[in-house]
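It should be emphasised that the depicted structure is a prediction, and the values quoted were computed from it without experimental measurement. No hydrogens, no waters, no symmetry mates; every other heavy atom, side chains included, goes into these values.
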Amino acid sequence: MTTQQQDGGWSEPGQRQDWQQHHPPYSEQQQQAYDDRQAYGDQQAYGQQQVYEDRQAYADQQAYGDQQAYGYQQPYAGQPYIPQQPTPGQQQYARPNTGGSDAEYYVPEYTVVEPEPEPEPGYVLPEVPVSAWSVDNSRSAWISRGVLLLILFVQAGLSFRLDGSAFPQEAKFLTSGGELSGLVSQLGLAGARALSLAWALGATALLFGATRLLFNARAGLAAAAMYSVLESTAFTGRYASLHSLSLFLLAAALWLLARTRQAGPAAVLLAAPFAALAPFAAYAAALYLPTLTVLAVLTAYRFRGAGAFLRGAIFAGATGALCFAGVQLAGTPSGWNAKGTDSAVELLKESAEWGGVVLLVAVIGAVGFIRRARMGEMPWAEGTAPGAIRRSLLGVTMCATALLAPLYQAWLGNGSSLYIHVGFGLLFAVPMAGLGVSRMMGAHFRYPQIGIMIYVAALVIGMAQTGGLYRPPDSAAMIGALREVVDTKGEYLTDDPEISAYYLKAQTNPAQWHQAGQGAALAAEVKKGSYDAIVLRTASVPEALRGNADYRLLAVLRPSDKDGGQEPYRIWVKR
């Protein structure tokens with residue numbers, strides 16, 4: 001081995017000599033100092049290298065943590081590691097190395113990744129109704145319509161089960177000279193009754209719509225169900241008169257008031273014609289025009305504030321003007337202020353029997369509505385709700401309206417058609433009754449048996465009362481017997497001149513039939529002997545006709561329903 005190799009050199013001998021020529025050899029002392037400085041430099045370099053390795057290990061550990069956070073997995077044993085392309089949020093940025101042994105190394109820096117925005121929800125909860133739980137979407141709307149259709153089928157069935165010959169008032173309506181009654185008379189008794197049923201079904205459907213707008217669909221269905229089985233509803237649906245038309249007009253006015261509650265004050269003019277026409281169809285409807293005026297204010301106060309009073313003033317003014325014009329053209333409706341001798345206590349008792357159940361449920365609903373605007377199954381729900389004062393006024397107005405007809409007719413002492421007029425007031429109280437049924441069943445139909453029990457009770461009571469009240473005279477046999485003895489020249493006295501004039505209009509004129517009196521009045525009429533036939537419904541022969549030489553008894557016709565409580569027809573003809 002050469003000297004150069006022993007010294008650790010890697011150059012050729014000639015090259016070393018050249019180096020020695022330019023750089024003379026160090027002395028031993030200088031060589032020792034140089035070795036010491038070389039060792040110190042190595043130690044410094046080693047320390048910096050160790051720091052770099054520690055920092056690099058920390059950076060690797062941080063990168064591994066980020067990989068774990070981003071869902072990276074360690075390879076299985078025996079599986080080669082495949083590097084992954086970092087995402088833009090994981091790319092590392094480091095300062096460049098400036099070189100030299102004293103160069104400073106930095107821990108890799110990471111960019112701050114902004115959090116991704118929350119995805120849009122797939123559905124949005126609708127606004128909670130003001131009084132009960134409901135979801136107002138297309139599916140629930142179709143379900144409500146289907147249930148309403150079933151309710152209307154039940155109502156039609158309850159009305160169709162009532163049958164018989166014409167009532168005296170039905171016959172009078174079909175033979176009167178009015179334009180509307182003359183048009184209806186073209187349909188005959190069966191057609192007129194079918195038209196009354198159509199108006200009654202329309203009133204129930206409009207009642208459902210008004211209650212749904214005021215409260216919710218569930219209360220609307222409960223209100224329609226209870227109203228459809230009332231005695232007055234079933235009766236008017238099979239009664240050839242304008243009562244059902246008047247109810248339809250009132251229901252249409254109520255629905256329009258609820259429908260236009262968020263519109264401008266002038267929109268209330270749509271309801272005024274319906275309200276103004278209702279009293280001319282049935283005089284009892286005039287009692288409920290003030291109620292409609294109050295509801296015109298209460299239904300809009302939540303949305304219009306003080307502007308709701310302007311809405312009420314417009315409705316009252318337009319309705320009053322139309323009613324005044326109607327009186328000038330057609331006259332005042334008859335019967336609205338006729339005095340009678342009926343007992344006031346008895347009339348109030350009968351009114352309680354016909355509408356007491358519905359009114360009681362309506363009061364329960366009003367109390368629950370006053371205490372709480374919402375049912376409470378969604379306590380976190382926010383939003384505007386009617387205040388306690390408005391809820392109180394609405395509840396009191398609707399419930400008190402059911403008492404107008406009974407109190408007014410009890411004050412007059414006139415019970416004429418009270419069993420029908422009770423239904424006019426219940427038309428306004430039933431929405432609160434529907435809300436009461438909804439509250440008693442609880443949120444999400446928690447106690448459906450309560451609603452079923454109330455409905456069944458109202459159904460049974462309504463069917464029993466309607467069966468007792470809907471008993472038209474069994475006049476078929478009487479009309480058949482009179483066809484053989486009447487003509488266009490005679491004069492006839494009867495207890496039911498309207499029935500005879502209607503069924504015998506082909507053989508006689510309505511003016512030929514006269515109303516029979518009682519007691520002394522009947523005796524005076526018989527004594528004159530100017531009637532060719534006398535037809536009375538009486539259990540026994542009147543004193544004036546007993547042994548009378550001018551008249552002979554032609555027939556005694558007993559009703560087919562012996563338990564109906566009707567007296568037999570007795571027919572006398574002139575000798």
Side-chain angles (χ1 to χ4, degrees), residues 129-159 196-230 232-234 236-237 244-261 270-271 274-275 278 288 291-292 295 299 355 358-359 361-362 365-366 369 394 398-399 401-402 423-441 445 448 451-452 454-455 458-459 462:
V130 297
S131 60
W133 176 83
S134 174
V135 179
D136 193 6
N137 51 34
S138 59
R139 180 182 179 185
S140 64
W142 281 107
I143 293 175
S144 299
R145 292 165 187 165
V147 176
L148 177 62
L149 188 61
L150 293 177
I151 292 173
L152 296 179
F153 274 126
V154 173
Q155 178 181 343
L158 292 177
S159 294
S196 295
L197 178 60
W199 285 332
L201 294 175
T204 304
L206 289 171
L207 176 64
F208 161 75
T211 308
R212 182 184 66 85
L213 292 171
L214 291 176
F215 304 113
N216 54 65
R218 197 171 80 169
L221 291 174
M226 295 196 68
Y227 183 76
S228 65
V229 298
L230 289 176
S232 59
T233 304
T236 54
S244 56
L245 174 60
S246 182
L247 283 168
F248 176 82
L249 294 173
L250 288 177
L254 178 61
W255 178 78
L256 285 171
L257 290 178
R259 188 70 178 85
T260 60
R261 66 194 187 281
L270 296 173
F274 294 92
Y288 306 100
T291 298
L292 289 174
L295 291 178
T299 53
V358 175
L359 182 58
V361 179
F369 186 53
L394 186 62
M398 287 188 157
C399 293
T401 303
F424 284 75
L426 294 178
L427 178 71
F428 295 89
V430 159
M432 275 296 166
L435 184 60
V437 173
S438 178
R439 290 292 178 92
M440 284 188 282
M441 286 193 298
F445 297 97
I452 295 173
I454 295 174
Y455 176 74
L459 174 63

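A donor-acceptor pair shorter than 3.5 Å can be found between the side chains of Q155 and T204.
The side-chain contact (heavy atoms from CB on, under 4.5 Å) test applied to A222 returns V437, not counting sequence neighbours. Partners of T260 according to the side-chain hydrogen bond (donor to acceptor under 3.5 Å, both in side chains) rule, which considers only residues two or more places apart in sequence or in another chain, are R311.
Using a 4.5 Å heavy-atom cutoff, the side chains of L250 and L292 are in contact. Between M398 and T291 the shortest side-chain heavy-atom distance does not fall below 4.5 Å. Side chains of F424 and T401 form no contact here, defined as non-hydrogen atoms less than 4.5 Å apart. Between L394 and F369 there is a side-chain heavy-atom pair separated by less than 4.5 Å.
Across all their heavy atoms, S144 and F208 have their closest contact at CB-CZ, 4.1 Å. The heavy-atom pair separating A362 from A429 by the smallest distance is CB-O, 3.4 Å. Nearest approach of R261 to T299, heavy atoms of both residues: CB-O, 3.3 Å. The minimum heavy-atom distance between F215 and M432, with the atom names listed, is CZ-CE, 3.6 Å. When all heavy atoms are compared, the tightest approach of L426 to G355 is CD1-CA, 3.9 Å. Across A433 and M226, no two heavy atoms sit closer than the pair CB-SD, 4.1 Å.
Ring to ring, F274 and F248 are not that close: their centroids are 6.0 angstrom or more apart.
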Report task. Check the pair L221 / R212 against side-chain contact (heavy atoms from CB on, under 4.5 Å), numbers first and verdict last. Result -> CA-CA 8 Å; L221 291 174; R212 182 184 66 85; over 6 Å; no

**Report entry** CA sep, side-chain torsions, deciding dist, call: T233, S228, side chain to side chain donor-acceptor pair (under 3.5 Å)
**Finding:** CA-CA 6 Å; T233 304; S228 65; over 6 Å; no

Query raised in the report: Can L295 and L254 be said to form a side-chain contact (heavy atoms from CB on, under 4.5 Å), step by step?
Result: CA-CA 8 Å; L295 291 178; L254 178 61; 3.6 Å; yes

Query raised in the report: Between R259 and L270, does a side-chain contact (heavy atoms from CB on, under 4.5 Å) hold up when you go through it step by step?
Result: CA-CA 10 Å; R259 188 70 178 85; L270 296 173; over 6 Å; no

Query raised in the report: After noting the C-alpha distance and the side-chain angles of L459 and L158, does the key distance pass the side-chain contact (heavy atoms from CB on, under 4.5 Å) rule?
Result: CA-CA 9 Å; L459 174 63; L158 292 177; 3.8 Å; yes

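The distance from atom OG1 of T236 to atom CG of L245, rounded to the nearest 0.5 Å, is 11.5 Å. Taking CG of L148 as the start and CG of L201 as the end, the distance is 9.5 Å to the nearest 0.5 Å.
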